[in-house]
Each structure stands twice: as C-alpha cells, then as structure tokens.
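Read through the structure below, which is laid out as structure tokens, and then see the notes.
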Amino acid sequence: MDMLHENVQDSILGATMDLEVFQKCVQSNIVLLTQVVCKKFVIPDFEQFTLHINRLYENAHAIKEGEVANYIPQLAKVSPDKWGVSLCTVDGQRYSVGDTNIPLCLQSCVKPLKYAIAVNDLGTNYIHQHVDKEPSGHRFNKLSLNQQGKPHNPMVNAGAIVVSSLIKQGANKAEKFDYVMQFLKRMSGNEYIGFNNSTFQSEKETGDRNYAIGYYLKEKKCFPSSADMGVALDLYFQLCSIEVTCDSGSVIAATLANGGICPITGERVLSAEAVRNTLSLMHSCGMYDLSGQFAFHVGLPAKSGVSGAILLVVPNIMGVFCWSPPLDKIGNSVRGIHFCQELVSVFNFHNYDNLRHCARKLDPRKERSEVQHKTVVNLLFAAYSGDVSAMRRFALSAMDMEQKDYDSRTALHVAAAEGHLEVVKFLIKGCRVNPFMEDRWGNTALQDAIRFEQHDVANLLMEYQESYASSLKSTESERRQMSLENLESMV
Ligand code: GLU
C-alpha cells in the first residue's frame, strides 16, 4: 500500500504538462483561478479575517446563559454546549469553527426561505395579496391579523402558514415537500439537507397554537380558495423540521447574500426580486421581538429559530450560519446574538456603516496594504496642508499618527518642513509622537525644520526632543496614558 502511494506521489511530482494541457486544465475554473492569483476575492485577506472570527467565536463560547427550548423533547435533549459558526463568501471562500457538522432543525429559519421560493415562483404582487410586510409588534405565534385581515408578515407563524399554502398549489403533499427540499438543496450547493421525522411528529402533536392560527386564517379567508388548511399546516410543520448543518446553512445564507446565485455551484436558484424582498423582511422582522433592536445595532438581515440557529446575511459579501441552543427570553440564541453584535463592532458590515470614513472598524473588503496606503496618504496630506482638524479626526479614530510613507516620512516630518506650527503642536502635545523617527535619508523632523528655516517649529521640536528623551525613561504605559490625557484635553 505504502509503495503504491509512493509511486503515485513520484509520478505526480515528476509530471509536466504543455501549454495546451495547462489551458485545458484551467479553462473551466478560469474565473476562480484568476481571483486566486490576483487576490481578487471579496475578502482578500481571508486568513486574517478568520483569525478575527475565531476570536469572536471564543468570546461567545464563554457565555453560559440562556435556556434550551423544551416544548418538544427533540429540542430539549440537545446539549447547551453545542456552538458552531460557518461562513461562506459570495465567491465561495469557506470557514467553519466549532460544531458545524451536526444536523439541526431549521425551525423558523425556514420562514424566509419558503417566502423566497414563493416570491420566486409567483411574484411579489401575488404573494403580498395574501400576506403583509409590516413588523407585527406581537409575539411570533400570536393569533392576529392586520387591519386588512392579512397576516402581518411572512416571518411570523400566521404569515408563514399562509405562505405554505401558496407554494406549488395543486400538487399533493409529497410533491410540495419534495419541491421545497429540492429548492433548499440547490440553495445549499447540494450540501446536507435532511428531515427530522420525530421533530415533525412532535411539532404536530404539540402544535395547538398553530392549529388555532390555521382555523383563524381559514375563518378570515386568508388562504387561496383552492388551498386546504390541513395541508398547509402539515407543510408548515414539515418545513420547520428540515435539517441543515452550520456548513450547509451558511451556503444557503450565501446564496441570499449573492442575489440568488449559489456561490458554490454558480446556479441561479432564486430571482433577484425574491432575494431582495426576503432580505428586506428579514431585516425588519427576522429576530422575533428583538427585530427593531437587531436592525438598529447589527443592521443586517437575519432570521433565528427556536433550535438556536441564526441565518445571517451580509449582502454582497457572505452568508453566516450560527448555532447554539440556549435561548434568551425572546427566543434568540444567546451566543448567536452576541456573535452577530461583535461581528459588526469589529467590521464595517452594518448597513449604515460609512465605508469611506469608518476608521474605527475594519474593512475586510480591502487588502491590508490598500488600507495602509490610503490612510498614510490622507494623514500626510493633512499635515502638508496644515489641517489640524483633520489630524484631530484621524487621532480620534485611532489612526497610527506615527505611520510612515514609502520614504519613511511621517506627518511630523511633513508638518515641520512646511512650517505648520499648529499641526506640529498637535502631534507632539496631543499625540506624543516620537520626534526621533528618521526618513530614508536619515533626517528627523527637527533637521527638516532647520533645513527649511522654520525657526518656531525648530525651537519647539528641540524642547520636545529633550522632554521626550527623558520621558522614555518612564514606562511605556505611563507614556500612553499621558498621551491619551493630552489628546482628550486638546479636543
Ligand atoms: N415550530 C415552531 C412553531 O411553529 C417554530 C418556532 C420558531 O422557531 O420560531 O411554533
């Protein structure tokens, strides 16, 4: 066996190919390979990005609060320690950490997916003749309709039961179920999609509230005339019991992030219209009674389910699927919510984060070198033009005020050479930058000031060099503290 292995290895190592064979090998994957070679992925420094994800995962791991849903035994018996996060970018880069390979039920996470299928097949107008688009302001399983006698939205049970009645009308129960399963399979790039029959049976047995909603919807004529309430409810319970893993769930989320095209297979699974509607409703109604807060703080479309799953979409970037069974009082996964909040506090993914002036957050869409070039140019330009208020803004947004350009010149060099006394004062008193930094010709800022006959600046820098040299004897942390206090007093 070992010899066979060695032989195969030898033949692979010794293999050569001519240009024609090489072209044949690469042509079917040319887009992906070009992206790899040119580092043109939506998240170019993916490895660095995943290090942050690991940290956020670990932070949430430490949280032990919340209760596992216990209204059916199939959910109650799941370990509260399970915790997984998978992500898939719109160009197919994948990352998983924790329990990402274990089947779990979608529960309410299926609601946006079946709504997307319904809109894809029947169009927005038809679907919204039967279900509205407003947050309900009530619990997800409340027996209530809006003033026009429609369910408030497809993310609450009443709306989702009506949507179940709209899918594949005229087909029998088995065909309807197969149809949705096939759709989800395509959204997941043919990864794991299962069905948990005991969850389905338990949901039916304990689903009195959903039956009550069903009868109420029937009484108020919310179903299309040809639909049968019992069939719609049955499909509703079945769809809650469909299983995914975090891995397959993240591809589904990525298909939504990618406008309906699965990033793994390249297949268009959903229309752009269906995806846009779905994301809008996830954004306003996806997180039970936390939806408004979530839209405010996280600013991303998401849907959670009682199994502890959260399907999170970062439009045009990636899909994320988190799973941790312990829920808060509202019904959202405690670790999942924490992870989502931290994700947008580190990265500028919130819908209303400013992508041009958000120096406090990281932008993983950019390469590290690209970010660095941009900030150093901005900083040196502000120093060159004597713009103290821009310098103050940069300092307050945690920019490194000592950073150097390709000639190793710093803001202090530039401001000193130009004779901008106020900028120099700000850099030394507010930011306590190092005055001994040398550019590529070995010059300090003081030498620049002398050379360009900026006498006031030169005097100031001379004094500062002395005080800085003696402060070097104090500890680094004292120096930082001093500089923070100085900065605060100057703004
Ligand atoms: N099977 C649950 C119900 O219909 C779904 C709960 C959920 O995940 O929100 O009540």
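One-based numbering, in listed order, for ligands and for the atoms of each. Throughout, residue positions are numbered sequentially from 1 according to the sequence presented.
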Could you list each nitrogen or oxygen of ligand 1 that sits under 3.5 Å from a protein nitrogen or oxygen, with the atom names and the distance?
from     : atom 1 : to   : atom 2 : distance (Å)
ligand 1 : 1 (N)  : Y71  : OH     : 3.3
ligand 1 : 1 (N)  : Q107 : OE1    : 2.8
ligand 1 : 1 (N)  : E203 : OE1    : 2.8
ligand 1 : 1 (N)  : E203 : OE2    : 3.2
ligand 1 : 4 (O)  : N157 : ND2    : 3.2
ligand 1 : 4 (O)  : N210 : ND2    : 3.0
ligand 1 : 4 (O)  : Y236 : OH     : 2.6
ligand 1 : 8 (O)  : S108 : N      : 3.0
ligand 1 : 8 (O)  : S108 : OG     : 3.0
ligand 1 : 8 (O)  : Y288 : OH     : 3.2
ligand 1 : 8 (O)  : V306 : N      : 2.9
ligand 1 : 9 (O)  : S108 : OG     : 2.5
ligand 1 : 9 (O)  : Y288 : OH     : 2.5
ligand 1 : 10 (O) : N157 : ND2    : 3.3

Near K329 NZ, under 6.0 Å, is it more than 12 heavy atoms from other residues, nucleotides or ligands? no
Any heavy-atom pair between the side chains of T89 and F46 that's under 4.5 Å? yes
Any non-hydrogen side-chain atom of F321 less than 4.5 Å from a side-chain atom of L312? no
Does the pair E267 and R186 meet the rule for a salt bridge (Lys or Arg N to Asp or Glu O under 4.0 Å), with working shown? CA-CA 8 Å; E267 184 195 0; R186 286 160 60 213; 2.8 Å; yes
Which residue is it: V244, V251, L270? I am looking for the one with a side chain to side chain contact (heavy atoms under 4.5 Å, CB included) to M187. L270
Is the terminal nitrogen or CZ of K361 (NZ for Lys, CZ for Arg) located under 6.0 angstrom from the six-membered ring centre of F347 and within 45° of that ring's axis? no
